[in-house]
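Just follow the structure's listing: the first ligand is 1, and inside any ligand the first atom is 1. Computed over heavy atoms, backbone and side chain alike; hydrogens, waters and symmetry mates excluded.
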Amino acid sequence: MPTITQFLEEKASHALAAASGLTMPALVQATANAQFGDYQANGVMAAAKAKKMNPRELAQQVLAHLNPAEIPATWDIAGPGFINFRLDPAWLGKTLLAAALDERLGVERTSRSETIVVDFSAPNTAKQMHVGHIRSTIIGDALARIFRFLGHTVITDNHVGDWGTQFGMMIVGYRTMLDRAAYDRDPLAELERVYKVIQAQSKADSAVADRAREELAKLQKGDPDNIALWQEFTAVSRQAFERIYARLHVQFDHWLGESFYNPFLSQVVQDLQDKGLARPSEGAICVFFEDDPELAENPFLIQKQDGASLYATTDLATIKYRAETFHPDRVIYVVDSRQQLHFRQLFAAARRWGYTMALEHVGFGTILGEDGRPIKTREGEPIKLEALLDEAEERARAVVREKNPSLSDAEQEHIARVVGIGAVKYGDLLQNRTADYRFSWDKMLAFDGNTAPYLQYVYARIRSIFRRGELEHWRPEPGMVVRLEAPEELDLVKQMIRFADVLLEVERGSRPNVLVSFLYELATKFNMFYQAQPILKAAADIRPTRLLLCDVTARYLKTGLGLLGIETLEAM
Ligand code: ARG
């Protein structure tokens, strides 16, 4: 079954072709304003222009080719030549019931299933994850879930930054100034402290810098002691990251960090040179893009003067490896927009190197503090992700305690966790991802607004209706009579049936915020229905329809939030 937009597009395009003799899209989309119907075809104007016809006249002729027996709507012409469609209530009722009886809520698996690698999160080891990693982790996880739901084969890969020049310094710092007790308590925090001190020392004292370089060279040559230390740093980091991912319910199929690609790097540089794509320049080796006006000024450095390879080299090796191992149709990199140039160079180099899969940088903006600057602690440090999640739960706990003092501690704890983590995720996913946004606890945790707690609350409220009616096991029946009459009921169902189109829109632009808006509108339309129409007390002939509306709304909320990585609660 196509989505409603696809269905109307097909019918309207046929009619447009029959009326005009042109093959042009009818450009059907949901209307922004219900006054103009539910869906609108905008393509007549362009066709009329091409035929030098009066657009309203052409629109008339298009209407003559629409078959009322085939299309569950009425239509008319508006403005200069828009065609407005109003969906038929009986059809809406049937569609609602069909969604209710379908495990996937009426969303078909895509017929053009792709293998998609999602590269996201990718923190750097020996450092705690900070607020900068939250966006990649949350957006990447949501996209992976949505692509999977649509029927793609998704491979998630955490490309952790576990290799680099910082490990020479780490090794010196570890050997000279580690506080054992602190390390045993919180190893990653201690490593980070050590790193900061040694970094400052090596800036001030060239002897320290020299020692760090020596240790780095030893590490790179495979010195067993240094390798063992580096492995310890990796393991300690991994444990700390896993703790955060567990709290966020984020999982990866692979953890192929930068170090994994070490054995392939010299071969990559050689191959690019052999193919004439890279060449020496002042002792270093670069890929040049002389024939590309956008990148002509930005050669891609893949080997430094001292022979060391870089982030760029690793990313090239990663493309080769993924192509040979996973055979992806598409690879998306959910990484800060500030790395835009790197990805443009990387993709351009990969194309020349012969890789044809779609490569996309899904960039995102910066999280700002209340002062409009990149968010920091009072001491000017980046905010640790773990501390941020703690605070989210803490604040949610205070709200829950106030609203629901009678709940047990364990219940309050559980609700606080689901609401707190959900609020942080939702507050991020809600944003147009390319924009910077201001972080605000109050906005994120408000129970009345575009927030996770609001949606979770609407969900829990619906579940409580079923409990109150002792209808916990209520299920829609295939033959049930659906009677949609009240305008709030029709509005609610019209919102629900957008779901499949919404997911496709998320997919097209890698934009989870489209799903967020959908869910918020759904919850709002549900509340309007709930305020206007009795449910448990409704007359016997319409009560089943009202319950059906409640049940299916709850399932859309749960499924939609689930696709964003956000949990729901049966009661709160
Ligand atoms: N570790 C990098 C950082 O923290 C992100 C890596 C993203 N993935 C990639 N394949 N380059 O900035």
_Among Y355, Y333, F289, the one residue meeting ring pair (Phe, Tyr, Trp, His ring centres under 6.0 Å) with F347_ =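 Answer to the ring pair (Phe, Tyr, Trp, His ring centres under 6.0 Å) test with F347 among Y355, Y333, F289: Y333.
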Is the closest side-chain donor-acceptor distance between [X] and [Y] under 3.5 Å?
X: Y174; Y: E232; answer: yes
X: W255; Y: D157; answer: no
X: Y437; Y: T366; answer: no

_side chain to side chain contact (heavy atoms under 4.5 Å, CB included) partner of I134, chosen from L385, I383, L248, I139_ =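 The residue from L385, I383, L248, I139 that satisfies side chain to side chain contact (heavy atoms under 4.5 Å, CB included) with I134 turns out to be L385.
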*With V424, which of L445, V419, L388 fulfils side chain to side chain contact (heavy atoms under 4.5 Å, CB included)?*
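Of the listed residues L445, V419, L388, the side chain to side chain contact (heavy atoms under 4.5 Å, CB included) partner of V424 is L388.
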Contact atoms of ligand 1, heavy-atom distance to [X] under 4.0 Å:
X: H159; value: 8 (N), 9 (C), 10 (N)
X: F343; value: 11 (N)
X: D119; value: 7 (C), 8 (N), 9 (C), 10 (N)

Does ligand 1 come near enough to [X] that some N or O of the ligand is less than 3.5 Å from an N or O of the residue?
X: D315; answer: yes
X: Q339; answer: yes
X: Y333; answer: no

*ligand 1 versus T318: contacting region, heavy-atom distance under 4.0 Å*: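 For T318, no heavy atom sits under 4.0 Å from ligand 1.
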*Between F120 and ligand 1, which part of the residue brings a heavy atom under 4.0 Å of the ligand: side chain, backbone, both or neither?*
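None of F120 does.
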_Please compare A122, G140, S121 and report which has the shortest non-hydrogen distance to atom 2 (C) of ligand 1._
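Among A122, G140, S121, the closest heavy atom to atom 2 (C) of ligand 1 belongs to A122.
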*asked:* Measuring from atom 1 (N) of ligand 1, which candidate in T125, N124, D162 has the nearest non-hydrogen atom?
replied: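 Nearest heavy atom to atom 1 (N) of ligand 1 lies in N124.
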*Do the two ring centres, one from W230 and one from F233, sit under 6.0 Å apart?*
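For W230 and F233, the ring centres are not under 6.0 Å apart.
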_If you take the centroid of each ring, where Trp contributes its six-membered ring, are F288 and F300 closer together than 6.0 Å?_
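Not under 6.0 Å, so no.
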_Tell me whether Y311 reaches ligand 1 (any heavy atom closer than 4.0 angstrom to a ligand atom)._
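Flag set, Y311 near ligand 1.
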